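What you see below is based on every heavy atom in this structure, not just the backbone, and it leaves out hydrogens, waters and symmetry mates. Note that ligands are numbered from 1 as they come in the structure, with each ligand's atoms numbered from 1 the same way. From a predicted model like this one, the values you see are computed outputs, not experimental measurements.
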Amino acid sequence: MDGNGRWATHRGLSRARGHEAGVEAIRRIVEAAPDQGVGTLTLYAFSTDNWRRPRAEVAALMTLLRFYLANEVESLVRNGVRLSVIGRRDRLPDGIASAIARAERATAGGAALHLRIAVDYSARDAILAAAARVAGMANLTREAFSALVTGEAGLRDVDLIIRTSGEKRLSDFLLWEGAYAELHFTDRMWPDFDAQDLAEALASFHRRERRFGGLAALALEPAPSL
Ligand code: FPP
């Protein structure tokens, strides 16, 4: 969800206001995603490296997360959205970890969209934690290791990673599960990202020939995972 800060600066607004506009974009895209055939949507809200940002910006982001968890659950349930949060929870400000657990329980029955929000997330740390748990385990399968990395059994690999605001990096996001992800880069700032941008990213995805290291073109599955 890159570009919140620059979007705000270009308008003479505070970076915090840019993040608020980012939350409005989240609402738009969560609503649009199921209609466009997206089954799972993972949003990168706060990376482990984002703790390095000024204290006031971190506090503003945590406040937005707290508000989102408090106010959005009802609409998520109404729209059949299952929410889960990936990343570390032990360093979040007081009350957020329990709010996450409550929101996950309340939305557990959602089947229209699986919304995953990455908070205090580092893909390398997720892989490291999984590796630490399996040290010495024999006959470990990729599937079993995947479940440890992603925190969930049976999650399909990520099909498409969309990076907004012209950035062209992976930035420690979904490194294991995105091994064969198609990459889509757009100059659009996240607060401006809308259903049409999502449709363009998906159209570009559907034009790709995915070979997964093989030779023949493989059929694309209908519900891509982002
Ligand atoms: C990247 O833009 C965006 C973030 C680091 C924060 C995204 C978080 C939210 C939109 C709100 C909190 C999350 C939820 C789920 C309520 P940037 O700050 O790097 O922008 P820039 O590249 O223009 O500086």
Heavy-atom neighbours of Asn139 CG exceed 12 at 6.0 Å: no
Numbering as shown, the atoms of ligand 1 that approach [X] to under 4.0 Å (heavy-atom distance):
X	result
Tyr68	16 (C)
Val23	11 (C), 16 (C)
Asn50	5 (C)
Leu61	6 (C), 8 (C)
Ile26	14 (C), 15 (C)
His19	4 (C), 6 (C), 10 (C), 18 (O)

Check the pair Glu57, His19 against side chain to side chain donor-acceptor pair (under 3.5 Å), reporting the backbone distance first and the verdict last. CA-CA 9 Å; Glu57 181 165 347; His19 294 311; 2.8 Å; yes
Under 3.5 Å side-chain donor-acceptor pair for Trp176 and Asp157: no
Would you mind checking if [Y] and [X] are paired as a salt bridge, meaning a charged N to carboxylate O distance below 4.0 Å?
X	Y	value
Arg28	Asp194	no
Arg27	Glu24	no
Asp159	Arg210	yes

Which is closest to [atom] in terms of heavy atoms, [options]?
atom	options	value
atom 19 (O) of ligand 1	Arg6, His10, Glu72, Arg53	Arg53
atom 12 (C) of ligand 1	Leu64, Val119, Ile117	Leu64
atom 4 (C) of ligand 1	Gly3, Ala16, Ala45, Pro191	Ala45
atom 2 (O) of ligand 1	Glu24, Arg27, Met1, Glu57	Met1

Check this for me - ligand 1, Asn4, N or O atoms closer than 3.5 angstrom, yes or no? yes
Less than 3.5 Å between some nitrogen or oxygen of Glu167 and one of ligand 1, yes or no? no
protein heavy-atom neighbour closest to atom 20 (O) of ligand 1 works out as Gly5 N, 3.0 Å
Tell me which part of Arg15 gets within contact of ligand 1: side chain, backbone, both or neither, using heavy atoms under 4.0 Å. side chain
Heavy atoms only: give me the nearest Val149-Ala130 pair and the separation to one decimal. CG2-CB, 3.6 Å
Residue among Arg211, Arg207, Arg208, Arg163 satisfying salt bridge (charged side-chain N to carboxylate O under 4.0 Å, His left out) with Glu182: Arg208
Give me the ring orientation class for Tyr44 and Phe173: parallel if the planes are under 30° apart, tilted from 30 to 60°, perpendicular past 60°. parallel
